Each structure stands twice: as structure tokens, then as C-alpha cells.
Amino acid sequence: IKYFTVLTFTFIGLLQFGFAQNNVKLKVVDGTSKETLVGASAMDLKTGEGAISDVNGFIQLTNLMNGDVEIIITFISYQEQIIVLNLPLT
């Protein structure tokens with residue numbers, strides 16, 4: 001089983017119509033070689049919203065609500081990983 005590492009880069013809190021929305025940018029890399037993983041997927045388990053990593057391994061998730069957000073990261077032949085973020089980060 002292969003493992004990957006998720007690096008969390010940017011958190012931005014936005015206030016719009018009384019609801020807090022957050023954006024997060026992740027980078028998905030191989031846990032051993034640190035090569036970027038193109039085509040990895042990330043999905044918010046609560047809303048089902050998701051995105052796919054680009055050619056540089058970056059995934060941008062938008063409009064995440066405040067509180068604990070569980071994000072599942074998957075990639076073919078790698079063990080899935082669930083990360084929990086408490087948004088907004090301060």
C-alpha cells in the first residue's frame with residue numbers, strides 16, 4: 001500500500017450574507033518520494049463538494065463552512081486519507 005501526504009497551504013475566511021465560507025488549497029504528494037500526484041481527488045464528506053489536483057498537485061476547495069470539515073483524499077493505488085480541519089483557522 002502506498003501512502004501520500006497532504007500539505008495544507010492557504011486558508012481564507014470570507015463573510016458573505018451572514019454565513020462564513022472558507023477556501024482551502026491543498027497539495028497532494030507521494031509520502032515517500034514527495035512527487036506531486038496529478039489527478040488526486042478531495043471531497044468534503046458533509047457536502048459532497050470536491051475537486052481534482054492539477055498538474056502541480058494542488059487542489060482548491062471553496063465555500064467550506066465554519067467548524068470541523070472532514071475531507072477525504074483519494075488516488076488510485078494509494079490508501080485514502082481523511083483530514084479534519086477546524087475552520088476558520090486563526
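Hydrogens, waters and symmetry mates are skipped; everything else that's a heavy atom, side chains included, is used. Predicted, not measured: the structure shown is a model, and the values here were computed from it.
Residues Gln81 and Ile83 approach most closely at NE2-CG2, 3.7 Å, considering heavy atoms. Of all heavy-atom pairs spanning Gly39 and Ile52, the tightest one is CA-CG2, 3.5 Å. When all heavy atoms of Phe75 and Leu37 are compared, the pair lying nearest together is CE2-CD2, 4.0 Å. Contact between Thr62 and Gln60 at its shortest, heavy atoms only, is CG2-CG, 4.0 Å. The nearest pair of heavy atoms linking Ile59 to Ala40 is CD1-O, 3.8 Å. Here the closest non-hydrogen pair linking Ile71 and Ala42 is CG2-CB, 4.0 Å.
Of the possible donor and acceptor atoms, none in the side chain of Asp44 sits under 3.5 Å from a partner among the backbone N and O of Gly48.
Using a 4.5 Å cut-off between side-chain heavy atoms of Ile, Leu, Val, Met, Phe, Trp and Tyr, with links allowed through other members, Met43 and Leu85 fall into different hydrophobic clusters.
The 12-atom threshold is exceeded at CD1 of Ile82, counting heavy atoms of other residues, nucleotides or ligands nearer than 6.0 Å.
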How far apart are the C-alpha atoms of Val69 and Val84, what are their side-chain angles, what is the distance that settles it, and do they pass the side chain to side chain contact (heavy atoms under 4.5 Å, CB included) test?
CA-CA 6 Å; Val69 177; Val84 179; over 6 Å; no
Steps toward side chain to side chain contact (heavy atoms under 4.5 Å, CB included) verdict (Ile72, Glu70)
CA-CA 7 Å; Ile72 186 168; Glu70 291 184 297; over 6 Å; no
Show, in sequence, the C-alpha distance, side-chain angles and deciding distance for Asn63 and Asn23, and conclude whether the side-chain hydrogen bond (donor to acceptor under 3.5 Å, both in side chains) test is met.
CA-CA 6 Å; Asn63 299 323; Asn23 300 324; 5.8 Å; no
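If you take CD on Glu49 and CE on Met65, they are separated by 12.0 Å, rounding to the nearest 0.5 Å. Note that CZ of Phe58 is 9.0 Å distant from OG1 of Thr36, once rounded to the nearest 0.5 Å. For the atom pair CG (Leu64) and OG1 (Thr47), the distance works out to 7.0 Å, reported to the nearest 0.5 Å. Leu61 contributes atom CG, which lies 11.5 Å from atom CG of Asn22 (distance to the nearest 0.5 angstrom).
Residues Asn66 and Pro88 form a side-chain contact, since some pair of their non-hydrogen atoms from C-beta on lies under 4.5 Å apart. The side-chain heavy atoms of Tyr78 and Ile73, taken from C-beta on, include no pair separated by under 4.5 Å.
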